[in-house]
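One structure below.
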Number of protein chains: 2
Amino acid sequence: MATNTKDRILDSAELLFAQQGIASTSLRAITDHADVNLASVNYHFQSKDALVQAVLNRRLNPINQKRMELLHALLHRPDGVPPTVEEILEAFYRPVTEEAIKTRREGRPIVALIGRMYTEPGELLASQIRAMMSQVAAGYLDALSIALPGIPPPILFWRLQFSVGVLAHTFGAMHLIEGLARGRVNVNDSEDVLRQMIAFAAGGLRSPVQ
Amino acid sequence: MATNTKDRILDSAELLFAQQGIASTSLRAITDHADVNLASVNYHFQSKDALVQAVLNRRLNPINQKRMELLHALLHRPDGVPPTVEEILEAFYRPVTEEAIKTRREGRPIVALIGRMYTEPGELLASQIRAMMSQVAAGYLDALSIALPGIPPPILFWRLQFSVGVLAHTFGAMHLIEGLARGRVNVNDSEDVLRQMIAFAAGGLRSPVQ
DNA sequence: GTCTATAGGGTGATAGAC
DNA sequence: GTCTATCACCCTATAGAC
């Protein structure tokens, strides 16, 4: 556990948001779990909304930065070879998947929060997600249009959104998928999950346009 | 608007759950919107949890029944021709998509609730979804294993979940997708959305297994 | 920076009259 | 079946002492 109050609040908020959802997690539950005073949340952050924003930024900004770095590296290789669809998808999926492994190892299953954020209601949240994702989405759309010159842009736009859906649902509904699997697959084998997601989305992106 | 109290409560609850989420919709907001008395919610239903369950059952049971009918018709055609992957996907996607069109025409954009339910937190909700979906998932998994004999069962299981993710994200994050699209696609053209989802998921399901 | 105390309001659920 | 009134509790946010 972190030693300073601000980080303790962020850690506890993140965990409880992931377990119970944002709306049904009270500031009291957060400060109790973090073992800090209730008023400290309003001192370090100004409101619950601002706390939500800080929790998401802390986790997603590094992920999105990593995504952009990986994409840039793919597009500017010394040998000039253009990236494959699979390589682009891996650059998009891997940073989240690695965060999932790392946080689960630390006993902090926060992936559900990342998977759920696209669909959590609330206009403030939606505009924040839009702001964080629009640049990333534009970059990946450009890269995919190079790797898949035969797919018309509007169709490629849809298929990128569907690829995001594959990721969001896999992490957001992991507990449900685990229940339906009845041991047929190991949802904790993150490298396998990553491989399955990439193969599926690559097939979807390449699907013939009728 | 319905004339009897019970249906008025269900209608209002469904709409507000879709707009604001389940946790942040109070019984008072529901009864105010439905223009009925607060106590009537505890008379007709016993608790907020039971109301949530009733709202989801009313909308999802017909959808899942239709899915099973369509699947059964595909598997028992007079000519005995086995269904294609696209036909199986259409049987799964179309009942939800048609409900989306119908309810939007009635000014009741409740698709977001259907798209979101897989990832809304809460053990009670999760067990209900699992109960409703396990039979449907099993039926579609069987059908897909006939249409795609070359795909090993565990991989097919993952790919069915990814296909659910495509649907759930498209409807659950439609407002976000619309914002990112900036006019490049028309999210209200439901037949086009359906066609795009089917083409993507079919490509994903057929993707080569390495 | 951190605490206590509290303002001011919302919450689900129920008892009991009609 | 429908109402009013109310219980017992939870909520976010802040004022003001230390």
Side-chain angles (χ1 to χ4, degrees), chain A residues 1-58 113 116-117 120-128, chain B residues 1-58 113 116-117 120-128:
Chain A
M1 176 91 82
T3 49
N4 70 86
T5 302
K6 198 167 177 177
D7 286 340
R8 294 170 70 87
I9 293 171
L10 286 170
D11 286 347
S12 294
E14 178 179 70
L15 180 66
L16 295 174
F17 287 163
Q19 286 175 345
Q20 319 172 356
I22 295 172
S24 36
T25 299
S26 67
L27 296 182
R28 276 176 170 75
I30 294 166
T31 54
D32 283 0
H33 183 273
D35 203 25
V36 301
N37 191 272
L38 172 61
S40 63
V41 131
N42 283 83
Y43 175 78
H44 288 287
F45 310 89
Q46 283 73 18
S47 63
K48 186 182 175 178
D49 273 347
L51 172 61
V52 170
Q53 212 159 323
V55 167
L56 289 179
N57 277 332
R58 182 179 68 147
L113 179 61
R116 218 190 293 129
M117 70 183 186
E120 279 247 0
E123 194 36 53
L124 199 142
L125 196 64
S127 65
Q128 194 198 347
Chain B
M1 178 91 80
T3 50
N4 70 85
T5 302
K6 198 168 177 176
D7 286 340
R8 294 169 69 89
I9 293 171
L10 285 170
D11 286 348
S12 295
E14 178 179 70
L15 180 66
L16 295 175
F17 288 162
Q19 287 175 344
Q20 317 172 354
I22 295 172
S24 35
T25 300
S26 66
L27 296 183
R28 278 174 173 79
I30 294 167
T31 54
D32 283 0
H33 183 272
D35 204 26
V36 301
N37 191 273
L38 171 62
S40 62
V41 112
N42 282 83
Y43 176 78
H44 288 287
F45 309 88
Q46 284 71 17
S47 62
K48 186 181 175 178
D49 274 347
L51 172 62
V52 171
Q53 212 158 322
V55 167
L56 289 179
N57 278 332
R58 183 179 66 147
L113 179 61
R116 219 188 294 129
M117 71 184 184
E120 278 247 359
E123 194 36 53
L124 198 142
L125 197 63
S127 65
Q128 194 198 349

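Fair warning: this is a prediction, and the values are worked out from it, not measured in the lab. Chain naming here is simple, since letters A, B, ... match the order of the sequence lines and numbering starts at 1 in each.
Within the 4.5 Å cutoff, the side chain of A:Gln128 has heavy atoms near those of the A:Asn57 side chain. Under the 4.5 Å side-chain criterion, counting only non-hydrogen atoms from C-beta, B:Leu51 is in contact with B:Ile30.
Contacts with DNA chain C (heavy atom under 4.0 Å) in residues 37-53 of chain B: B:Leu38, B:Ala39, B:Asn42, B:Ser47, B:Lys48, listed by number.
Remark: B:Thr5 is in phosphate contact with D:dT2, judged by side-chain N or O atoms under 4.0 Å from OP1 or OP2. OP1 and OP2 of D:dC10 both lie 4.0 Å or more from every side-chain N or O belonging to A:Ser26.
Put simply, CG on A:Leu38 and CG on A:Leu27 are 6.5 Å apart, with the number rounded to the nearest 0.5 Å. A distance of 13.5 Å separates CG of A:Asn37 from OH of A:Tyr43, quoted to the nearest 0.5 Å. Separation of atoms CD (A:Gln53) and CD (A:Gln46) is listed at 10.5 Å; rounding is to 0.5 Å.
Across the protein-nucleic acid pair, A:Ile30 atom CD1 and D:dC11 atom C1' stand 12 Å apart, rounded to whole Å. C:dT11 atom P lies 12 Å from atom CG of B:Leu16, rounded to whole Å. Remark: C1' of D:dG1 and CZ of B:Arg8 are 15 Å apart, rounded to the nearest angstrom. Taking atom CG on A:Leu27 and atom C1' on C:dG9, their separation rounds to 15 Å, with Å as the unit.
Counting distance only, with no hydrogens placed and no angle test, the side-chain atoms of B:Arg28 and the base atoms of C:dG12 include a donor-acceptor pair under 3.5 Å.
Among all heavy-atom pairs drawn from A:Leu125 and A:Met117, the shortest one is CD2-O, 4.2 Å.
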